[in-house]
Each structure stands twice: as structure tokens, then as C-alpha cells.
Amino acid sequence: AGHITEETLMSILRDKASGICVDSAGFRTAGSMVSVLPRDPALPCVHFLTGTPDPARSVFKPFVFVAGIKAAPQVRSPSFPQDPARVIPRFRSSVDRRHELYRRHQAALELMERDPERGRRLLGALRELEQQGLQGMRELLR
């Protein structure tokens, strides 16, 4: 009908039946992104990123590229003074390289699987946060 919204694209990326959204039970590696590219070059492009795999259980968070931007600590992979990848001989030990956002995402997935009712409430709270981001984007672009 010619009326595709950001929510439409997010729902498509969450569609497991179509195979677009890979099931959470598999190897979780890919995030998803929806970009809003205004026709007016004076307005910023707003990108909604999950930053975590499985968009069906993730929240799309708004992001605008600006000069001097720094990554939030929650999405940086941790660094290690004696990194097993750099110490010779290599990989004699292992470390948890998951960033904080990914670790919390994993904990949320475990909660959703262990306690479906609490999981539904958590997912509802995540969707509300997502709606706040979408509303903020609409206000920014007005």
C-alpha cells in the first residue's frame, strides 16, 4: 500500500516463520538494523540497532552518527592485559569476550525460556523502550 513504517521493518526482521529472523536456539551472532534516511539533507539519519542477536527478543535502539562519537562501554568487548590471543604460546587459557549488552541479552533470553510470564513482561518493557526511541526519533525529525 506504499506505507511502510519503521515498525513494519522491525516486524519483518522479527519474523521467524519466513526465515528472516534466525531462531534463538541456533548460533547467536547477527544483530539487525533499520535506518531512517530523511529526504531533507539537513535532518540526521537515525539508525535503530539491536546490538544483540535475535530481533524477536531484542530491542531496536536509536543511534545518530555525529562527530566525535564514542562507543558506550556496554557495547565494547572487554580487553585483557594478558590476552590469551596475544600471549605466546597462544590460547592456553580463555576469557569471556562478550560485551555487557550481549551478556544481559543472554540473561534475558534465559529468563524468557525459564519463566515465560516474567519473560513476556520483560519483552513488553523492552518494546515500550523501543517505542520511546521511535517517538524520540519522530520528534527529532519534525
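Just so it is clear, the values below take in all heavy atoms, side chains as well, and ignore hydrogens, waters and symmetry mates.
Pro38 approaches Pro44 most closely through the heavy-atom pair CG-O, 3.3 Å. Among all heavy-atom pairs drawn from Arg57 and Leu126, the shortest one is O-CD1, 4.1 Å. Minimum heavy-atom separation, Phe60 to Met33: CE2-N, 4.0 Å.
Between Cys45 atom SG and Leu141 atom CG the span is 9.0 Å, to the nearest 0.5 Å. Rounding to the nearest 0.5 angstrom, the gap separating the CD atom in Gln135 from the CZ atom in Arg138 is 6.0 Å. We find the CE-CZ distance between Met137 and Arg142 to be 9.5 Å, quoted to the nearest 0.5 Å. Distance check, rounded to the nearest 0.5 Å: CG of Leu134 to CD of Glu139 gives 11.5 Å. The NE2 atom of His99 sits 12.0 Å away from atom CZ of Arg76, with the distance rounded to the nearest 0.5 Å.
Evaluation of the salt bridge (Lys or Arg N to Asp or Glu O under 4.0 Å) rule for Asp83 yields Arg97 as partners, not counting sequence neighbours. Considering only residues two or more places apart in sequence or on other chains, Phe48 meets the ring-ring contact (aromatic ring centres under 6.0 Å, His included) condition with none of them.
Leu140 is listed as a side-chain neighbour of Val64, based on a closest heavy-atom distance under 4.5 Å. Side-chain contact between Met112 and Leu122 is present, with heavy atoms from C-beta onward closer than 4.5 Å.
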Open item on the list: side-chain contact (heavy atoms from CB on, under 4.5 Å), that's the test. Do Leu101 and Lys61 meet it? Break it down for me.
Closed with: CA-CA 12 Å; Leu101 181 60; Lys61 297 160 281 304; 3.9 Å; yes
Open item on the list: Let's go through Glu113 and Arg120 carefully: what are the C-alpha distance in whole Å and the side-chain angles of both, what is the deciding distance for salt bridge (Lys or Arg N to Asp or Glu O under 4.0 Å) to 0.1 Å, and is it a yes or a no?
Closed with: CA-CA 10 Å; Glu113 291 166 0; Arg120 276 190 288 280; over 6 Å; no
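With a 6.0 Å radius and a threshold of 12 heavy atoms from other residues, nucleotides or ligands, Arg104 has its CZ atom at or below the threshold. Atom CD of Gln82 is surrounded by 12 or fewer heavy atoms from other residues, nucleotides or ligands within 6.0 Å. No more than 12 heavy atoms of other residues, nucleotides or ligands shown are found within 6.0 angstrom of CD1 on Ile4.
Taking the six-membered ring where the residue is Trp, Tyr102 and His105 present tilted rings, their angle falling between 30° and 60°.
Panel note: side chain Ser18, backbone Ile20; a donor-acceptor pair is recorded below 3.5 Å. Distance alone, capped at 3.5 Å, places no donor-acceptor pair between the Lys16 side chain and the Cys21 backbone. Proximity of a side-chain donor or acceptor of Ser32 to a complementary backbone N or O of Leu13 within less than 3.5 Å is not detected. When atom types are taken as modelled, the side chain of Arg98 and the backbone of Arg103 share no donor-acceptor pair closer than 3.5 angstrom.
Placement of Leu129 and Leu9 in two distinct hydrophobic clusters is found when ILVMFWY residues are connected by side-chain heavy-atom separations under 4.5 Å, directly or transitively. Cluster membership check: Leu43 shares its hydrophobic cluster with Val36, using side-chain heavy-atom separations under 4.5 Å among Ile, Leu, Val, Met, Phe, Trp and Tyr.
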